Every structure is written in structure tokens, then in C-alpha cells.
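Have a look at the structure below before the remarks.
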Amino acid sequence: MTQSALELIQSRISAAAPATNVTLVAVSKTRTAAEIRRLAEHGQRVFGENYVQESLSKQRELSDLNLEWHLIGHLQSNKCKEAAQAFDWVDSVDRAKLLAPLNRYRAEVGRPLNVLIQVNIDDENSKSGCAPEQLIALARHFEAFPLLRLRGLMAIPAPADLPQRIGAFERMRCLFDELKQTAPSVDTLSMGMSDDFELAIAHGANQVRVGTALFGPRANAGA
Ligand SMILES: *Cc1c(COP(=O)(O)O)cnc(C)c1O
């Protein structure tokens, strides 16, 4: 990672969204605490991690910095305690069953956990995420959990050709607008990664998750 990589992404984001505030989540899975620290020294505060365990050790090493941590990977039920206590946001909630444990374990933190519902927008078998038809029902469950603040939606569209990807972003935008009618706390639409974040912003994203374009290619392409 270099300072110029961060500056380049920041300027591409502001060019794509001159009138909106877009949050850049730096996706730091597989990166070392030292790499994260370097990016933080250049002003990046928000980081996204896929694996709870991997993130906890890095968070401990970086606890002198005031960073905001997002869990963006699939959340297993048996990781709810760590997720609720160590992260500021969980961007990948996709089933009602996670809400009670997240709410219960958040009590020790003393302020609400920000939550995004992950939507399986292209109906892929391989991908986690709530089905679009079940979104509003899942969102209603949040009313029972005061320590969970529903902030919006996250999606990872299927790697497809451009028209199809745009279609997925547009369907997400519609779901987001619909969800906003039901919950006043909803303000965040997280979509777009290294190779399509400008396109996502053009279709309404105000949070993008960028890894490779900031840190360079990951050693393990599957991670
Ligand atoms: C890895 C990952 C990203 C970042 O992907 P890049 O192509 O490296 O920018 C974004 N979101 C999620 C959920 C990821 O797992």
C-alpha cells in the first residue's frame, strides 16, 4: 500500500460522487497489522475484515489507533459474541437467528452495534445473504433489539457482464429505498469493490469496500 493508492481511490470516489459522502471501507483481510497501520497513518480510519478470529488479533495490535471495524464476511452463530463485542459494524447479517445473540453480547459495549443486512441479490447458491423477498420481514425483527441499529444493506453482486451487474445494483437501490420507508435509522447502501465501486456509486452506493486497489493483489486469491 502506498499513500498514492489511497489518494487515488479517494479522488476517484469524490469524482464519482461529488455531492455525497461515500464511506471507504478498506478491506484488510489477509493483510498484516503493520499494513493496516500504514494506511491508518495516511488517514484511513474504516477497515473491513472477513474473519472474526483473524481480525481480533489485528485489532488488539492496533488498539492504540481509533479505528472503526466492519465485519464484512459471513457470520457464524458461534461467533456472535466476538463479533458483537469487537466490531463497530456487522455488514453481513442475513438471518433473524443472529439478532438475539448479537444484541445480548453487545450489552457490555454500552452503545448500539451498527448492522447491515446482506442481500443475496443474484440468488446465488454459493453466497450467503437474505433473499430479497425476505428482506422486509427480517428488518422488522430489529424492532425487538434495542442494541442493534439497522443502518442499511450490503451486497456482493455476481461477477457478471456489465448490464447484469448494473441490474443488480439497481435492484439493490430499489430495496434500499423501500427499506428506508420502514426504518428511520437506515442510511447506508454498501456495494462496489475494487473493480466496480464507481459504477456502484453511480447507482446509489454510499459505502464501498475496496481491498485490492488499496493494498495490491492478495496472496491467496480465494481469501
Ligand atoms: C474481499 C472483499 C471485498 C474487497 O474486494 P476487492 O476486490 O479486493 O476490492 C469487498 N467486500 C467483501 C465482502 C469482500 O469479501
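Please read all numbers here as calculations on a predicted model, not as lab measurements. Counting convention: from 1, in listed order, for ligands and their atoms alike.
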Which atoms from ligand 1 have a heavy atom of Ile72 less than 4.0 Å away? 11 (N), 12 (C), 13 (C), 14 (C)
Which bit of Asn50 is near ligand 1, meaning a heavy atom under 4.0 Å away: side chain, backbone, both or neither? side chain
State, yes or no, whether a side-chain contact exists between Asp195 and Thr212 at a heavy-atom distance under 4.5 Å. no
Just jot down the ligand 1 atoms closer than 4.0 angstrom to any heavy atom of Ile156, in number order. 13 (C)
Considering the heavy atoms of Thr212, write down every atom of ligand 1 situated less than 4.0 Å from one of them. 6 (P), 7 (O), 8 (O), 9 (O)
Assess whether side-chain contact (heavy atoms from CB on, under 4.5 Å) is satisfied between Gln207 and Asp91, documenting all intermediate values. CA-CA 11 Å; Gln207 182 183 113; Asp91 295 359; 3.2 Å; yes
Tell me which part of Val27 gets within contact of ligand 1: side chain, backbone, both or neither, using heavy atoms under 4.0 Å. side chain
Any nitrogen or oxygen of Gly211, main chain or side chain, under 3.5 Å from a nitrogen or oxygen of ligand 1? yes
Test log, rule side-chain contact (heavy atoms from CB on, under 4.5 Å), inputs Phe197 and Arg209: CA-CA 8 Å; Phe197 66 89; Arg209 307 176 311 270; over 6 Å; no
Enumerate the atoms of ligand 1 whose separation from the nearest heavy atom of Val210 is less than 4.0 angstrom. 9 (O)
Which is it for Asn206 and Thr188 under the side-chain contact (heavy atoms from CB on, under 4.5 Å) test, yes or no, and what are the steps along the way? CA-CA 6 Å; Asn206 60 9; Thr188 302; 3.9 Å; yes
Distance filter under 4.0 Å to Arg209 heavy atoms, resulting ligand 1 atoms: 4 (C), 9 (O), 10 (C), 11 (N), 12 (C), 13 (C)
Test log, rule side-chain contact (heavy atoms from CB on, under 4.5 Å), inputs Met191 and Met154: CA-CA 6 Å; Met191 51 187 198; Met154 187 272 262; over 6 Å; no
Shared hydrophobic cluster for Leu135 and Phe142 (ILVMFWY, side-chain gaps under 4.5 Å): yes
